[in-house]
Amino acid sequence: MNDQSSCLTHCVMPPPLSVLMSVYNGERYLASSLDTLLDQTFKDFELLIADDRSTDRTREILMLYAAKDSRIRILDGSREGLGVVRNLLVSAASAPLIAWLDADDLAYPTRLQKQMRFMQDNPEIVAAGTSVRVIDEDGAVIKTDIRPGDHESIDSELIEYRHNAIFFPSSIVRADALDQVGGFRNEFPVGCDTDLWLRLAEIGKLANLPEILLDYRWHAESNSWKVPHWQRERAMLAINDARRRRGMEALPSSLQTASHAETPRCKIHDTWSAVALHSGNPATARKHAWKSLRLNLTLPRPWKTLALAYFPLEDDRTRPALARPFVSAIRRVCFAVSRWLDSHNASNESAGSQGNVADRSAI
């Protein structure tokens with residue numbers, strides 16, 4: 001056998017791209033997410049998926065997909081934290097570029113093709129995300145989020161803790177840059193993406209493609225919604241660590257106050273309904289306002305959200321004259337209920353606070 005045929009037999013060229021995904025109990029959305037990857041216009045990639053000891057049908061779904069597509073390789077996570085499982089994936093990846101997708105999000109068909117071209121055309125960029133469309137658990141649109149494209153704006157948003165400057169599941173990263181900064185740090189079980197972007201920003205440039213190339217799913221079981229205060233605390237630790245490295249003062253300690261209590265589901269739906277209304281998605285706003293009220297009728301904001309989602313103020317000029325007094329009355333009632341509940345809840349909280357002070361004095 002000559003040298004050329006020997007190389008063809010024994011040397012396998014790595015693909016130009018590794019797509020990485022970690023999943024834990026992701027059976028509800030996993031197949032849909034995988035389908036969006038396998039339907040990409042860019043085909044030359046390996047897909048590494050770490051099953052982080054799931055207890056549902058996740059493993060079964062992964063095995064079915066791996067049997068049908070040779071690009072898929074399944075790894076076993078150890079349930080030791082997000083940083084650990086992501087580093088496991090990075091260590092197994094063979095390509096010079098690494099793209100990420102979460103097991104509940106949906107990549108648009110041209111996402112990988114456009115990000116590959118962008119990274120090839122801009123060698124100074126070490127990591128790039130995209131703008132996203134935010135959807136709920138059922139795929140209803142909550143809002144669109146157009147991210148800043150230039151490095152200076154992204155780094156400023158990160159270091160000042162103003163916004164999620166790069167959506168992690170929309171990102172593509174250079175493998176050598178990941179290696180240079182040491183990958184993910186295990187002390188950040190949440191907030192590890194914020195820490196990574198800040199460290200990458202110190203060795204190269206960050207970017208976002210302005211085009212929406214991902215459906216980013218909000219669901220009530222994610223840490224971002226169940227324990228947002230914990231997420232905020234870890235992100236603040238990463239930001240202040242970066243500020244120390246850069247010779248900057250730490251952000252105010254008031255921003256770091258954290259409670260690890262879970263957010264009630266009624267308040268999660270309340271927030272989603274308000275965001276959807278503000279973003280011009282009244283159907284989604286109505287859906288989550290009703291969900292919120294079914295769980296807790298005493299929340300003030302959903303009453304106002306429902307009034308404005310069903311009867312927008314901007315529609316009054318085109319509304320039939322006979323309907324206007326009726327619509328106006330409904331809105332006034334809903335606004336009045338909202339104000340009363342707001343005042344009533346505030347009074348109860350104040351009374352409870354005074355009672356706690358009295359209890360402590362008695363002890």
Using the rule that Ile, Leu, Val, Met, Phe, Trp and Tyr join whenever any side-chain heavy atoms are under 4.5 Å apart, tell me whether V173 and V90 fall into a single cluster. yes
Near-ring test W218/Y29, centroid separation under 6.0 angstrom: no
Under 3.5 Å, is there a donor-acceptor pair between the S153 and D150 side chains? yes
Which atom names give the shortest non-hydrogen contact between P312 and R331, and what distance separates them? O-NH1, 3.8 Å
Any donor-acceptor pair under 3.5 Å linking the side-chain atoms of H288 with those of D136? yes
Qualifying side-chain hydrogen bond (donor to acceptor under 3.5 Å, both in side chains) pairs, either residue in residues 198-211, two or more places apart: K114-E211, D195-R199, E202-R245, E202-R246
Quick one: does any side-chain atom of N122 pair with a main-chain N or O of E124 as donor and acceptor, under 3.5 Å? no
Exam field: side chain S328 to backbone R324, donor-acceptor pair closer than 3.5 Å: no
Does the side chain of S343 come under 3.5 Å of the side chain of R339 through a donor N or O and an acceptor N or O? no
Is it the case that the side chains of N281 and S279 hold a donor-acceptor pair, with the cut-off being a distance below 3.5 Å and no angle test? no
When rounded to the nearest 0.5 angstrom, what distance separates OG in S33 from CE in M21? 5.0 Å
Tell me whether S18 contacts the main-chain N or O of A95 through its side chain, where contact means a donor paired with an acceptor under 3.5 Å. yes
If you apply the rule side chain to side chain donor-acceptor pair (under 3.5 Å), what do you find for E27 with T58, and how did you get there? CA-CA 5 Å; E27 65 177 359; T58 290; over 6 Å; no
Restricting to non-hydrogen atoms, name the atom on G149 and the atom on I154 that form the minimum distance, rounded to 0.1 Å. O-CD1, 4.0 Å
Other members of the hydrophobic cluster containing L308, with the 4.5 Å side-chain heavy-atom rule, please. L277, L313, F335
With a 6.0 Å cut-off (strictly less than), is the heavy-atom count around CZ of R162, excluding the residue itself, greater than 12? yes
When rounded to the nearest 0.5 angstrom, what distance separates CG in L158 from CZ in R243? 12.0 Å
In terms of hydrophobic clustering (I, L, V, M, F, W, Y; side-chain heavy atoms under 4.5 Å; direct or indirect links), are W100 and L106 co-clustered? no
Looking at K304, I'd like to know if its NZ atom is crowded, meaning that more than 12 non-hydrogen atoms belonging to other residues, nucleotides or ligands lie closer than 6.0 Å. no
Indicate whether any N or O donor in one side chain lies under 3.5 Å from an N or O acceptor in the other, for Y216 and D102. no
Does E314 have more than 12 heavy atoms from other residues, nucleotides or ligands lying within 6.0 Å of its CD? yes
Is any NZ, NE, NH1 or NH2 atom of the basic residue among R301 and D342 found under 4.0 Å from an Asp or Glu carboxylate oxygen of the other? no
Atom CD1 of I72 and atom CZ of F45: how far apart are they, to the nearest 0.5 Å? 8.0 Å
Should M248 and I159 be marked as a side-chain contact (heavy atoms from CB on, under 4.5 Å) after you check the CA-CA gap, both sets of side-chain angles, and the distance that decides it? CA-CA 10 Å; M248 302 169 68; I159 203 68; 4.0 Å; yes
Assess the residue pair R73 and L75 against the criterion (side-chain contact (heavy atoms from CB on, under 4.5 Å)); give the C-alpha distance rounded to whole Å, side-chain angles, the decisive distance to 0.1 Å, and a yes or no. CA-CA 7 Å; R73 184 149 55 99; L75 304 172; 4.1 Å; yes
Please answer whether the main-chain N or O of D76 pairs with a side-chain N or O of D52 as donor and acceptor at a distance below 3.5 Å. no
Kindly compute the distance separating CG (D51) from CE (M63), expressed to the nearest 0.5 Å. 10.5 Å
State plainly whether the residues D179 and R174 are in salt-bridge range, i.e. N to O under 4.0 Å. no
Test item: V19 and L112 side chains (from C-beta on) under 4.5 Å apart, heavy atoms: yes
Trace of the side-chain contact (heavy atoms from CB on, under 4.5 Å) decision for D193 with L82: CA-CA 10 Å; D193 47 346; L82 201 52; over 6 Å; no
Which atom names give the shortest non-hydrogen contact between L30 and L62, and what distance separates them? CD2-CD2, 3.7 Å
In Å and rounded to the nearest 0.5 Å, what is the CD1 to CG distance from I212 to D145? 8.5 Å
Flag yes if M119 and L37 sit in one hydrophobic cluster, no otherwise; membership is Ile, Leu, Val, Met, Phe, Trp, Tyr, and two members link when side-chain heavy atoms are under 4.5 Å apart. yes
Cluster check L97, F42: I/L/V/M/F/W/Y, side chain < 4.5 angstrom: yes
Is V84 reachable from L178 through a run of hydrophobic residues whose side-chain heavy atoms are each under 4.5 Å from the next? no
For the residue pair R79 and Y24, would you count it as a cation-pi contact if the rule is NZ or CZ under 6.0 angstrom from the ring centre and within 45 degrees of the ring axis? yes
Say whether, by atom type as modelled, one donor and one acceptor occur between the side chain of R133 and the main chain of T144 under 3.5 angstrom. no
Taking all atoms of both residues into account, what is the closest heavy-atom pair of A66 and I74, and its distance? CB-CD1, 4.0 Å
S338 side chain to P300 main-chain N or O, any donor-acceptor pair under 3.5 Å? yes
Salt bridge or not between D270 and K267? Use side-chain N to carboxylate O under 4.0 Å. no
Between P15 and P96, what is the shortest heavy-atom contact and its length? O-CD, 3.7 Å
side-chain contact (heavy atoms from CB on, under 4.5 Å) between E160 and L251: does it pass, once the steps are laid out? CA-CA 8 Å; E160 299 296 338; L251 290 175; 4.0 Å; yes
Measure across A220 and R265 and return the closest heavy-atom pair with its distance rounded to 0.1 Å. CB-NH1, 3.3 Å
So, R234 versus T194: side-chain donor-acceptor pair below 3.5 Å or not? no
Atom pair OG/CG of S170 and D215 - distance to nearest 0.5 Å: 12.0 Å
